[in-house]
Amino acid sequence: VPQKAILLNAIDDVATALTDLKAGEPVSVSLDEVSSEVILREDIQFGHKYALHDITKGEDILKYGLPIGQALADIQAGEWVHVHNCRSEHFGFHREQYGLKA
Amino acid sequence: MDILGYLRPDGQIGIRNKVSIIYTTDCSRYVAEKLYRLFPAGTQIFGYPGGCALREGPLHKITALGNHSSSAAVLVVGLGCEGTDAYMVAEEIAQSGRPVEAIKVNEAGGDLKTIEEGSRILVKLLQHASTVERAEMAPADLIVGTECGGSDATSGLASNPITGVVADLLIEAGGTYMHSETSELLGCADILAERAVNEQVAQDIRNAIKEAEERSFAHGRFSWGYGNILGGLTSIEEKSYGCLAKSGTKPLQGVLKTYGLPPGKGYYIQVGEPMSGTFSGDPEGINQFAACGAHIGLFTTGCGSTTGGLIPVLKIIANPKRMQLIADNADLDATPVIRGEKTIREMGEELYAEVLAVAAGKLTKSEIHGHFEA
């Protein structure tokens, strides 16, 4: 069965949509021994990420097995994870200094 | 698959067999290109980007490329009054034991006489190239360099992780793998330092990434834009990890700051010598790998770059729309990963098999189309 999202590392907190996905849609991903199915709480566009499980505010959020940023709020499984609720310590919090607009 | 390479006097084994025509100044490029056009089969051409002044970076680069394993013999073409003296370049390359000849337009007597004399030399060198000893090659003898260019969302999700699998498979077989682009590794310093084989290498990669960060900061220019955010990337780190994914998981053996062969096997990051390019951008990246001995380049592209370089380049495309448009230039259709039909591991194994096939002589699309950007 073709997968609608991709899990890049078994320890990741997020999966990435391989196609435009709709709120309410059940999406499953698997990698090696790990598999996860969640019901999406929001629409997730191609290339965007959703949470595979609940994430607590302040926690590192892992993709590729590495921290892409920290949760700005509690995030529930199936929620969209992006700049509104995840920001990186190093560049994200100093983004004006780095000339970043978002 | 049996790989039968070309044995060079310095012990390197090449997967291609060419006579290199090297111009030592922009002023002798015209004649060098005339010679190349007279003997396009079996020759390759590159040279020194500039006029009179001698600069070390580019000089090291053309001598390193002249010593590349694909180079059976060399003809150096100079004007005669430039700092990068043709005889000096020839002497440098001749230390590798391969046949090298040099000719100067000023001394030979203008374009026509240089072309006549140069042609006679090329006939001799091409015949020599056809007689060099063959040697069996193992994956352990291979050096592969990876570049991403014209990246899109599919690069970080599929094509770069796929090349990361090739990195691991090649290094497990005893081979060597490298990439560059430290400016796209911002936020990865700690991760790479942890992968470093010793404290010196850890410090080298931290410094290289710090320099890239300072450069980006000084120019107010990051490899990051609003389009990245619309595309789903949340942070510079996330984008960098997509780029880093092409490095695989093996220990970092060293940071290559000069041209020439890496000091050992395994995974290296290449930072290049400044101002050594003829082209800038992706072909330049490929040729910097070549100057560090790479036999083959892997090029992941979502937007569909078609460029090549002095070595065979495999194009890996995972964007379904682009793949359909640009199949003529693609060497690996990685779209099954994006369609959710194949895993990254499966596609990586296919790409590794393709790399070995190219080493054994299979032509890449970039070679067939004549992309020899230098």
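Computed from heavy atoms alone, side chains included, the values below leave out hydrogens, waters and symmetry copies. Being a predicted model, the structure only gives us computed values, none of them experimental. Here is how names work: the chains are called A, B, and so on, in the same order as the sequence lines, proteins then strands, and each is numbered from 1.
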A.B. asks: With heavy-atom distances below 4.5 Å as the criterion, would you say the side chains of A/Ser88 and B/Glu237 are in contact?
C.D. replies: yes
A.B. asks: Going by ring pair (Phe, Tyr, Trp, His ring centres under 6.0 Å), name the residues that satisfy it together with B/Tyr267, two or more places apart in sequence or in a different chain.
C.D. replies: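 If we apply the ring pair (Phe, Tyr, Trp, His ring centres under 6.0 Å) test to B/Tyr267, skipping adjacent residues, the hits are B/His179.
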A.B. asks: Using atom types as modelled and distance alone, determine if a side-chain donor or acceptor of B/Ser235 lies under 3.5 Å from a backbone N or O of A/Ile68.
C.D. replies: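 Indeed, once roles are kept as given, a pair shorter than 3.5 Å links the two residues.
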A.B. asks: Sorted by first residue and then second, give each side chain to side chain donor-acceptor pair (under 3.5 Å) pair with at least one member in residues 314-330 of chain B; sequence neighbours left out.
C.D. replies: B/Asp152-B/Asn319
A.B. asks: Working to the nearest 0.5 angstrom, can you tell me the gap between A/Leu66 CG and B/Ile191 CD1?
C.D. replies: 4.5 Å
A.B. asks: How close do B/Val337 and A/Ile6 get, heavy atom to heavy atom, and via which atoms?
C.D. replies: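 Minimum heavy-atom separation between B/Val337 and A/Ile6: CG1-CD1, 3.8 Å.
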A.B. asks: Between the side chain of A/Tyr64 and the main-chain N/O of B/Gly156, is any donor-acceptor distance below 3.5 Å?
C.D. replies: yes
A.B. asks: Less than 4.5 Å apart, side chain to side chain, heavy atoms only: is that true for A/Asn9 and B/Tyr241?
C.D. replies: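 Side-chain contact under 4.5 Å: no.
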A.B. asks: For B/Ile344, which atoms come within 4.5 Å of any heavy atom of chain A: side chain, backbone, both, or neither?
C.D. replies: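 Contact with chain A involves the side chain of B/Ile344 alone.
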A.B. asks: For chain B, find its close neighbours in residues 16-43 of chain A: heavy-atom separation under 4.5 Å, sorted by number, or none.
C.D. replies: A/Thr16, A/Leu18
A.B. asks: Output side-chain donor-acceptor pairs under 3.5 Å for residues 55-63 of chain A, partner residues at least two apart or in another chain, one line each.
C.D. replies:
unit_1, atom_1, unit_2, atom_2, d
A/Glu59, OE1, A/Thr56, N, 3.2
A/Asp60, OD1, A/Gln70, NE2, 2.9
A/Lys63, NZ, B/Glu238, OE2, 2.7

A.B. asks: Quick check for you: to the nearest 0.5 Å, what is the distance between B/Leu233 atom CG and A/His82 atom NE2?
C.D. replies: 7.5 Å
